[in-house]
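Letters A, B, ... mirror the listed sequences (proteins, then strands); counts begin at 1. Quick note: numbers below take in every heavy atom, side chains included, and nothing from hydrogens, waters or symmetry partners.
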Amino acid sequence: MSEENTNFIEKIVEADIAKGLDPKSINTRFPPEPNGCLHIGHAKAICVDFGTALKYGAKCNLRFDDTNPTKEDTRFVNAIQEDIKWLGFTWDDRLFYASDYFERLYGLAVELIKAGKAYVCRLSSEEFKEYRGVPGSAGKPSPDRDRPIAENLELFAKMRAGEFEEGKYVVRAKIDMASPNMHMRDPAIYRIKKDHHHRTGDTWCIYPMYDFAHGLSDAIEGITHSFCTLEFEVHRPLYDWFIENTSILQTLKIQPRQYEFARLNLTYTMMSKRKLQQLVEEKVVEDWDDPRMPTLAGLRRRGYTPNAIKNFCEAIGLTKYNSLTELELLEYHLRQDLNKKALRRMAVFNPIEVEIENFEEGKIDWLDAINNPEDESAGTRKVPFSKRIYIERDDFMENPPNKYYRLSPGAEVRLRYAYLMTCKSVIKNENGEVVKLICTIDPQSRGGNAPDGRKVKGTIHWVDSSNCVQAVMKIYDKLFTKEDMSDIEEGKDFKDYLNPNSCLDTVAFAEPSVKELPAGTPIQFERVAYFVIDSKTSKPDALVFNRTVALKDSFKK
RNA sequence: UGUCCGAUGGUGUAAUGGUAGCACAAAGGUUUCUGGCACCUUUUGUUGGGGUUCGAGUCCCUAUCGGACAACCA
C-alpha cells in the first residue's frame, strides 16, 4: 500500500484516463465458468479485475460464463460468490450470466448469417479438424462455406428447434481459412448440446462457444477493459472480430478491449482446475474445501486470511511471461497477517511430564497470560498451573549442545507466564528413555521474573497435565512433492507426486481456554505454528495445523 | 514445423534512454517472557552477439532459450 508499484495493466488504464476516459465509465468483469471452485490463481484474476476497478473508482461485474451446460452446476455458482465475498470484493447489483444473453446472442448469430459472415456447416468434428489444416499451411473451405443465406437461416432455426442430433451441424463464422492464426479459420460459434443447463434448463439445445459469447457479452454489459490470462492472446483478434462485425458495435460508447497477463504458478501447487476436480472425484482429497487444496475454500479452512491472499497478489505483480512463484511468498504474507491477529495459546505436542518438587499437591495456581503481544486489545486470560505439567520433549536435553537455551539437568528456564524452573533430576525407564523430570520452581518468580533480576535465556511452553484439553489435530502439509507441477515429465502422472504425509492425525495437549474459541479462529501455538479450529467440524478441540506456514525454528542441532 | 508472445540475482518483480531498486529465500548479527515477531548486515542480476546514442535493462537487428495456439472447452 505504501510503495505503490504500478503494474502494466494499471498503466494501460491510466493511459486511457490520460487520453480523456472518465474513470467512472471504466467497467471490468470477472468471468468464471461455474464448473469448479475458485483457486489461488483465480484470486490473482479477481484482484486484477475487481482490484483495478476499485483503484480507479470504476465498476467490476461478476459474470458467470455458463455457455457449456455439460460441465456447470449451481453449486459452483454459489461457492464462487461466497469466495469472492470472502476475499472482500463486491459486485453490488451487477451479477450477470452469459446465459442471460442467449436470446440476444442468437440474434447476433442470425445477423452474421444474414450478412453472409456465418454459415451452418455439416462437417463432423473430425472432418472439421482435417479441413482446418495445420499451422504453416492453409486449410480448405468447408463444402458448406457458400451455402445460400436463406438455407443457413433455415438450418439454424431447425438447430434451435432441436431437429438435429448433437454434432450434426455447427454454425461457423466465415473469416479466413488461410489465417496463420488457427482460431481465425472459420471458428465454430454455435454447437448443438442436448444437456440440461443449470439456469436455462431445456430451453436451449444450441449453445454459443466461448469466442463468440465472451466478447459480445462484454459488449452487452458495457465492459471497457477485459482482462484475461495469456492463453487467450491468440483469441484476441476473434474477440474484436465479433464485436466489429455485428450491430452491437454501433451501440457502444467505448469498444471493449482485451488485455492478457500471465497466470499464477505456485511451487508444489496444482493449479489446473481439471486436475483438482480429478482429485475430488477420485477421493484423493475430502472435497474442494480440503485444507490441502489450493482452492480459496481450502485455504480458508487451512487458516488463510483474505488479507494475506490479497497482499500476496499485490506482491507478485503482473507480467506477460510465465513464472513460478515460490510458495514461501504466500506463506510469508499469511504469517505477516496472522502475527497481528492470531491469539497465542500454549500447547504441547510430544509431552514429557514434569513434577515440581516444591509445589503443593492439589493446588491450582491461575496465572495471567497475554493473548497477543502484538495487540494489547486482545487482552489476557488465566492459565492453570499445578504440581504436574507437560513440556515439549524437544525442550529438554540431557546432554545439551552449545547454545541450547532450554531445559537440561541443573539448568534454569522460564515457564512462560509462570515460574523460573530448575531441573533437579531425570527419571528413566528400563530402556534408558527419559520419562519424567523432577524440577523445582522459584516461588518468588511467579509471573515469570525473579525479584533478584537474574535473567534466563530460555522461555518454554507448558500445559497443566490434569487441566488441559486433548486436541485432535490434522496436520496438513504440501499436497505435492514436486516443485513445478505444471511441468509433469513424459509418462508420469501428476498423482505420482502426491505427498503421502500431506495429512497426518495427531493429538496435542492444549491449555483449556482453547475450548472457548469459535471455529475458524486463528491460533498461534507459541513457538510452534499456526492453527485454526476446523470450521467444517466446528469442534473446539479439532484443529487444523498449517505446517507449511509453521514458524521458523532457527535452532540448529 | 508455421504464427504470435516473452526473457532483469536462487525466486517474484521495479527502473520518462541517465546511480539497476524492492520483496521472498539464504547467511550472519542485535533485541526479546515465543529460538516467533522486530531491527541491522551480507551474498548473488539486465540471455549471447552486433548496431543507434554523449549515454541502452530500455530503441533496432540477430542468435539462443522459454511459452501459447492446431477442442463442436473456457
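- Remark: A:R63 fails to qualify as a cation-pi partner of A:F30 under the 6.0 Å distance and 45° angle criteria applied to the six-membered ring.
- The residue A:H461 sits close only to the backbone: its heavy atoms come under 4.0 Å of sugar-phosphate atoms, none of a base.
- Within 4.0 Å (heavy atoms only), A:Y207 reaches no atom of the nucleic acid at all.
- The residue A:E260 sits apart from the nucleic acid: no heavy atom pair falls under 4.0 Å.
- Side chains of A:Q444 and A:Y419: no donor on one and acceptor on the other come within 3.5 Å.
- Relative to the side chain of A:N322, the nucleotides B:A25, B:G67, B:C73 differ in distance, and B:G67 lies closest.
- Remark: C1' of B:A7 and NZ of A:K320 are 14 Å apart, rounded to the nearest angstrom.
- Contact annotation: A:T319 side-chain N/O to B:U13 OP1/OP2 distance is under 4.0 Å.
- If you check B:A74, B:G12, B:U34 against the side chain of A:S323, the one that comes closest is B:G12.
- Between B:A71 and A:R274, no contact under 4.0 Å exists linking OP1 or OP2 to a side-chain N or O.
- Look at the C1' atom in both B:A56 and B:U19: the space between them is 15 Å, to the nearest Å.
- Taking the centre and axis of the six-membered ring of A:Y207, the NZ or CZ atom of A:K193 falls outside the cone set by 45° and 6.0 Å.
- As rounded to whole Å, 15 Å separates atom C1' of B:U34 from atom CG of A:L343.
- Residue A:N35 is out of contact with every strand shown, counting any heavy-atom pair closer than 4.0 Å.
- Searching all strands for a Watson-Crick or G-U wobble partner of B:C24 with both distances below 3.5 Å returns B:G10.
- Considering only side-chain N and O atoms, A:S137 lies nowhere under 4.0 angstrom from the phosphate OP1 or OP2 of B:G2.
- Distances from the side chain of A:E33 to the nucleotides B:C69, B:A15, B:A74 place B:A74 closest.
- Atom-to-atom, CG of A:N181 to C1' of B:C5 comes out at 12 Å; the value is rounded to the nearest Å.
- With hydrogens and angles disregarded, a donor-acceptor distance shorter than 3.5 Å links the side chain of A:R172 to the backbone of A:D186.
- If you check every strand for non-hydrogen atoms under 4.0 Å, A:L324 touches sugar and phosphate atoms only.
- Applying the 4.0 Å criterion to OP1 and OP2 of B:A74, one finds that A:K71 has every side-chain N and O outside that range.
- B:C73: no Watson-Crick or G-U partner with both key distances under 3.5 Å is found in any strand.
- Across all strands, A:L330 comes closer than 4.0 Å to no nucleic acid atom at all (heavy-atom distances).
- In this structure, A:Y210 reaches the bases: a heavy-atom distance under 4.0 Å links it to at least one base atom across the strands shown.
- Comparing A:E328 and A:N7 along RNA chain B, the residue whose closest nucleotide (by nearest heavy atom) sits nearer the 5' end is A:N7.
- For the OP1/OP2 pair of B:C73 and a distance below 4.0 Å, the side-chain nitrogens and oxygens of A:Q277 include no atom meeting the criterion.
- Judged by distance alone, the side chains of A:E374 and A:N372 never bring a donor and an acceptor atom under 3.5 Å apart.
- Listed nucleotides: B:A23, B:G35, B:A70. Nearest to the side chain of A:Y404: B:G35.
- Taking the centre and axis of the six-membered ring of A:Y97, the NZ or CZ atom of A:R199 falls inside the cone set by 45° and 6.0 Å.
- Residue A:E231 is the one, among A:P32 and A:E231, whose nearest nucleotide of RNA chain B lies closer to the 5' end (criterion: closest heavy atom).
- When distances run from any side-chain atom of A:F128 to the nucleotides B:C37, B:C69, B:C72, the shortest one goes to B:C72.
- Taking the P atom of each, B:G12 and B:C72 are spaced 34 Å apart, rounded to whole Å.
- Taking the side chain of A:E326 as heavy atoms from C-beta on, and the options B:U3, B:U34, B:G10, the nearest nucleotide is B:G10.
- Across all strands shown, nothing is found opposite B:G36 as a Watson-Crick or G-U wobble partner with both distances under 3.5 Å.
- Look at OH on A:Y190: it is 22 Å from P on B:A71, rounded to the nearest Å.
- When both pairing distances are held under 3.5 Å, B:C4 makes a Watson-Crick or G-U pair with B:G67.
- When each of B:C37, B:A74, B:C72 is scored by its nearest atom to the side-chain atoms of A:N339, the top-ranked nucleotide is B:C37.
- Rounding to whole angstrom units, CD of residue A:E331 and C1' of B:U11 are separated by 14 Å.
- Comparing B:U16 with B:G57, their P atoms are spaced 13 Å from each other, to the whole Å.
- In terms of modelled atom types and a separation under 3.5 Å, the side chain of A:T269 and the main chain of A:T267 share a donor-acceptor contact.
- Contact annotation: A:R191 reaches the phosphate of B:A74 (side-chain N/O to OP1 or OP2, under 4.0 Å).
- To the nearest whole angstrom, the two P atoms, one in B:U62 and one in B:C5, are 14 Å apart.
- When ring centroids are compared, A:F156 and A:Y106 come within the 6.0 Å threshold.
- Judged by ring centres under 5.5 Å apart and planes tilted less than 30 degrees, A:Y405 stacks against the six-membered base ring of B:G35.
- The backbone N or O of A:M209 lies less than 3.5 Å from no partner atom in the side chain of A:T67, so there is not a single donor-acceptor pair.
- Residue-level contact check: A:K193 touches the backbone only, with heavy atoms under 4.0 Å from sugar-phosphate atoms and none from bases.
- As rounded to the nearest Å, B:G67 and B:C61 have P atoms that lie 24 Å from one another.
- For B:G35, the base has a donor-acceptor partner in the side chain of A:R406 [N/O atoms by modelled type, under 3.5 angstrom].
- A straight line from CE of A:M159 to P of B:C72 spans 13 Å, rounded to a whole angstrom.
- Residue A:K455 has no polar side-chain atom (N or O) positioned under 4.0 Å from OP1 or OP2 of B:U32.
- A:T67 comes within contact range of the sugar-phosphate backbone alone, with a heavy-atom separation under 4.0 Å but no base atom that close.
- A close approach under 4.0 Å does occur between a side-chain nitrogen or oxygen of A:Y321 and OP1 or OP2 of B:U13.
- Heavy atoms of A:P373 sit under 4.0 angstrom from at least one base atom.
- Separating the P atom of B:A25 from that of B:G36 is a span of 13 Å, rounded to the nearest Å.
- Spacing between atom CE of A:M182 and atom P of B:U1 amounts to 16 Å, rounded to whole angstrom units.
- In this structure, A:T325 reaches the sugar-phosphate backbone alone: every heavy-atom distance under 4.0 Å involves primed, P, OP1 or OP2 atoms, never a base.
- As rounded to the nearest Å, B:A27 and B:G66 have C1' atoms that lie 31 Å from one another.
- The separation between A:L318 atom CG and B:A15 atom P is 13 Å, rounded to whole Å.
- Listed nucleotides: B:A74, B:U34, B:C69. Nearest to the side chain of A:H183: B:C69.
- Listed candidates were B:G35, B:C5, B:A38. Nearest to the side chain of A:E233 is B:C5.
- Among the heavy atoms of the strands, none lies under 4.0 Å from A:M346.
- The separation of B:U58 from B:A20, taken at their C1' atoms, amounts to 12 Å, rounded to a whole angstrom.
- A:S377 and A:D375 form a side-chain donor-acceptor contact under 3.5 Å, judged by distance and modelled atom types alone.
- Within the structure, a side-chain polar atom (N or O) of A:R132 is placed less than 4.0 Å from OP1 or OP2 of B:A71.
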